[in-house]
Asker: 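This is the structure, below, for whatever I ask next.
Heavy-atom basis, side chains included; hydrogens, waters and symmetry copies ignored.
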Amino acid sequence: MSAEKAVGTTRTSSKYAVRTVGIDLGSANTLIYVQKKGIILREPSVIALNTYDGSIAAVGKDAKAMIGKNPRNLTVIRPLRNGAIADFDTTKIMVRHFLKSVLTTFVIGRPRVVVSVPYGTTDIEKRAVFEACQQAGAKQTLLVEEPLAAALGAGINIEEPSGNMVVNIGAGATEIAVISLGGIVNATSIKVAGDAIDSAIYNFFKRNYGMEIGMMTAEKFKIDYAYAYNPPKVVGKVRGIDLKTGLPIEQEVPVEEVNAHIQDTLKDLIKAIRKVYESTPPQLASDIIEKGIVLTGGGANLKNIDKLINTEIKLPVIIPPNPEDCVVIGAGNISAHSISGLTSISLYGLQNFTK
């Protein structure tokens, strides 16, 4: 009898592992992970709606390509900003669209969905995400805080009685958390992340060179030339509009000048990391001295960001491979566990939204 029960348990776990989906709902991009298939969707968190009837005109890459180019009958929206849901209704539409497209393409049926949410997300925001997944066809929806998912995706065993520090640098927000025994001991979320650096670059060219470059151009300049620490002595090129003449212009600028301008933004990041570490219980702080700080999120790809943090905080810094994928991989790994196994990790389940 016990052998039969064991076999039955194994089959149930396998069933859930196949029919589970992890979602990283980010300000810049939405990623979806299916167990045993990997990341099957990576799209900008952007949606274009028809202003006359509210119908969907485009979602993801196609919608992002419309930014700044859309006619009056279309409105292009980034429903998540600064690490939070700015437009509940549009977020629900976007999530339903992405999830339905994945479920239809891969014939997954009604899956169990694990969605990452920023640390400090309100109950109203959680409910919006929950309802969007349920309406898209999820059999069950669970929400996990992003720092926990990021730690799991980076390969950290978060259930051990040991301190781990994760800095998840997204587009709209950076979450800094100390994790132990499957939960968050100490954490904060700040609006200093990839978008803030883009804005700093945009403002630099507007104030110092009298040119309008657009936020997408600022983002590309960041990817190509931005350094958090010790930038090289090279010249970068950028195209935009001369604010005096209204004509197109191409400008060459020393990379050092731009990087000096983004340091004020990065100082706020360093200050927040230091504050969380200094308020961490001594025993956990000693673990972090040994293990170091783990950087995840797309912002971890900023050149020399690890060297800047190591120089300022005096702690080792580790960047896992593909740090921008850690959150969704972590969510997917959570979904691979049995339902009973999920209870040891801080999750928000169905019971929070059924009252």
Asker: Would you say that Val255 contacts Asn259 through its side chain, given a criterion of any heavy-atom pair below 4.5 Å between the two side chains?
Answerer: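 Yes - at least one pair of side-chain heavy atoms lies under 4.5 Å apart.
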
Asker: Does some side-chain heavy atom of Tyr229 sit less than 4.5 Å from a side-chain heavy atom of Thr311?
Answerer: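 Thr311 vs Tyr229: side chains touch.
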
Asker: Would a single hydrophobic cluster contain both Ile93 and Tyr52, if residues Ile, Leu, Val, Met, Phe, Trp and Tyr are joined by side-chain heavy-atom contacts under 4.5 Å?
Answerer: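 No.
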
Asker: Please tell me if the side chains of Glu43 and Val59 come closer than 4.5 Å, counting only heavy atoms from C-beta onward.
Answerer: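 With C-beta onward as the side chain, the pair stays apart.
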
Asker: Taking atom CG of Asp306 and atom CG of Asn301, what is their separation to the nearest 0.5 Å?
Answerer: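 Here the interatomic distance stands at 10.5 Å.
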
Asker: Check whether Val238 and Met215 end up in the same hydrophobic cluster, where Ile, Leu, Val, Met, Phe, Trp and Tyr are linked by side-chain heavy atoms less than 4.5 Å apart.
Answerer: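 Same hydrophobic cluster.
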
Asker: Do Val258 and Tyr225 come within less than 4.5 Å of each other through their side chains, counting heavy atoms only?
Answerer: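 A side-chain contact is absent here, since even the closest heavy-atom pair is not under 4.5 Å.
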
Asker: Taking it one step at a time, do Asp123 and Lys126 satisfy side chain to side chain contact (heavy atoms under 4.5 Å, CB included)?
Answerer: CA-CA 5 Å; Asp123 287 341; Lys126 293 171 191 172; 3.7 Å; yes

Asker: Test side chain to side chain contact (heavy atoms under 4.5 Å, CB included) on Leu266 and Ile197; report intermediate values, then the result.
Answerer: CA-CA 8 Å; Leu266 296 174; Ile197 296 173; 4.1 Å; yes

Asker: Taking only residues at least two apart or on different chains, which pairs with a member in residues 136-188 satisfy ring-ring contact (aromatic ring centres under 6.0 Å, His included)?
Answerer: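 Every pair satisfying ring-ring contact (aromatic ring centres under 6.0 Å, His included) with a residue in residues 136-188: there are none.
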
Asker: Begin with the C-alpha distance, continue with both residues' side-chain angles, and end with the deciding distance and a verdict on side chain to side chain contact (heavy atoms under 4.5 Å, CB included) for Ile213 and Phe221.
Answerer: CA-CA 10 Å; Ile213 64 171; Phe221 190 92; 5.7 Å; no

Asker: Same hydrophobic cluster for Ile270 and Ile176, using side-chain heavy-atom links shorter than 4.5 Å among ILVMFWY?
Answerer: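 Yes, because Ile270 and Ile176 connect within a single hydrophobic cluster, where side-chain heavy atoms sit under 4.5 Å apart.
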
Asker: Just verifying a value: how many Å separate Thr30 OG1 and Leu80 CG, rounded to the nearest 0.5 Å?
Answerer: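 Thr30 atom OG1 to Leu80 atom CG measures 6.5 Å (nearest 0.5 Å).
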
Asker: What is the minimum heavy-atom distance between Met94 and Val46, and which atoms define it?
Answerer: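 Taking every non-hydrogen atom into account, SD-N, 3.8 Å.
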
Asker: Going from NZ on Lys139 to CD on Gln134, what distance comes out if it is rounded to the nearest 0.5 angstrom?
Answerer: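 CD of Gln134 is found 11.5 Å from NZ of Lys139.
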
Asker: Return the orientation label for the His261 and Phe204 ring planes: parallel under 30°, perpendicular over 60°, tilted otherwise.
Answerer: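 Aromatic pair His261/Phe204 classed tilted.
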
Asker: Any side-chain heavy atom of Ile319 sitting closer than 4.5 Å to one from Ile305?
Answerer: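 Ile319 reaches Ile305 side chain to side chain.
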
Asker: Report yes if the side chains of Arg127 and Ile124 come closer than 4.5 Å at any heavy-atom pair, otherwise no.
Answerer: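 The answer is no; the side chains never approach within 4.5 Å.
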
Asker: Testing Val95, Val327, Val117 one by one against Leu25 for a side chain to side chain contact (heavy atoms under 4.5 Å, CB included), which residue passes?
Answerer: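 Only match with Leu25 under side chain to side chain contact (heavy atoms under 4.5 Å, CB included): Val95.
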
Asker: Is the backbone of Ile169 close enough, under 3.5 Å, to the side chain of Thr174 for a donor and an acceptor to pair up by distance?
Answerer: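 Answer holds: no.
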
Asker: Give me the one residue out of Lys303, Glu257, Glu256 that meets side chain to side chain contact (heavy atoms under 4.5 Å, CB included) with Pro231.
Answerer: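 That would be Glu256.
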
Asker: Is a side-chain donor or acceptor of Asp242 paired with a backbone partner of Met211 at a separation under 3.5 angstrom?
Answerer: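 No: the side chain of Asp242 does not pair with the backbone of Met211.
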
Asker: Same cluster for Val115 and Phe98 if Ile/Leu/Val/Met/Phe/Trp/Tyr side chains link at under 4.5 Å?
Answerer: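 Cluster IDs for Val115 and Phe98 match.
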
Asker: Find out if a path of hydrophobic residues (ILVMFWY) with successive side-chain heavy-atom gaps under 4.5 Å connects Ile179 to Met165.
Answerer: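 No: no chain of side-chain contacts under 4.5 Å links Ile179 to Met165.
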
Asker: Do Arg78 and Ser45 come close enough that some side-chain heavy atom pair is under 4.5 Å?
Answerer: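 Side chain of Arg78 against side chain of Ser45, heavy atoms only: no contact under 4.5 Å found.
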
Asker: Roughly how far apart are Asn230 CG and Asn304 CG, rounded to 0.5 Å?
Answerer: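 Here the interatomic distance stands at 6.5 Å.
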
Asker: Would you call Asp325 and Arg42 a salt bridge, using N to O less than 4.0 angstrom?
Answerer: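 Looking at Asp325 and Arg42, the cut-off is met.
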
Asker: Are any side-chain N or O atoms of Thr141 and backbone N or O atoms of Val113, one a donor and one an acceptor, separated by less than 3.5 Å?
Answerer: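 Checking the backbone N and O of Val113 against the side chain of Thr141, no donor-acceptor pair under 3.5 Å is found.
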
Asker: If every non-hydrogen atom of Ala128 is compared with every non-hydrogen atom of Phe88, which pair is closest and at what distance?
Answerer: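 So the minimum-distance heavy-atom pair works out to CB-CD2, 3.7 Å.
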
Asker: Of all the heavy-atom pairs spanning Val328 and Tyr33, show the shortest one and how long it is.
Answerer: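 Closest pair (atom of Val328, atom of Tyr33, distance): CG2-CB, 3.6 Å.
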
Asker: Identify the heavy atoms of Leu302 and Ala228 that sit nearest to each other, and give their distance.
Answerer: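 So the minimum-distance heavy-atom pair works out to CD2-CB, 3.8 Å.
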
Asker: Using 0.5 Å steps for rounding, measure from the CG atom of Leu31 to the CD1 atom of Ile23.
Answerer: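 One finds 10.5 Å between CG of Leu31 and CD1 of Ile23.
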
Asker: Nearest 0.5 Å, please: how far is CD1 in Ile184 from CD in Glu145?
Answerer: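 CD1 of Ile184 is found 4.0 Å from CD of Glu145.
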
Asker: So do Ser27 and Arg81 actually touch side chain to side chain, heavy atoms under 4.5 Å?
Answerer: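 Answer no - side chains too far apart.
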
Asker: Quick one: side chains of residues 279-300, donor-acceptor pairs under 3.5 Å with protein atoms, not counting sequence neighbours, listed by atom name and distance.
Answerer:
residue: Ser279; atom: OG; partner: Asn186; partner atom: ND2; Å: 2.7
residue: Ser279; atom: OG; partner: Lys275; partner atom: O; Å: 3.0
residue: Ser279; atom: OG; partner: Val276; partner atom: O; Å: 3.1
residue: Thr280; atom: OG1; partner: Val276; partner atom: O; Å: 2.8
residue: Thr280; atom: OG1; partner: Tyr277; partner atom: O; Å: 3.4
residue: Ser286; atom: OG; partner: Gln283; partner atom: O; Å: 2.6
residue: Asp287; atom: OD2; partner: Gly163; partner atom: N; Å: 2.9
residue: Lys291; atom: NZ; partner: Ser162; partner atom: OG; Å: 2.5
residue: Lys291; atom: NZ; partner: Asn164; partner atom: OD1; Å: 3.2
residue: Thr296; atom: OG1; partner: Asn168; partner atom: OD1; Å: 2.8

Asker: Quick one: do Asp89 and Lys92 make a salt bridge, cutoff under 4.0 Å?
Answerer: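 So Asp89 does not pair with Lys92 through a salt bridge.
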
Asker: Could you walk me through whether Leu269 and Ile273 pass the side chain to side chain contact (heavy atoms under 4.5 Å, CB included) test, one step at a time?
Answerer: CA-CA 6 Å; Leu269 173 64; Ile273 295 172; 4.1 Å; yes

Asker: Shortest non-hydrogen contact from Leu152 to Asn333?
Answerer: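 Scanning both residues, the minimum pair turns out to be O-ND2, 4.2 Å.
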
Asker: When you look at NZ of Lys307, are more than 12 heavy atoms from neighbouring residues, nucleotides or ligands closer to it than 6.0 Å?
Answerer: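 Count not over threshold, so no.
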
Asker: Over all heavy atoms of both residues, which pair between Pro320 and Cys326 is shortest? Give the atoms and the distance, please.
Answerer: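 Looking at all heavy atoms of both residues, the closest pair is CG-SG, 3.7 Å.
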
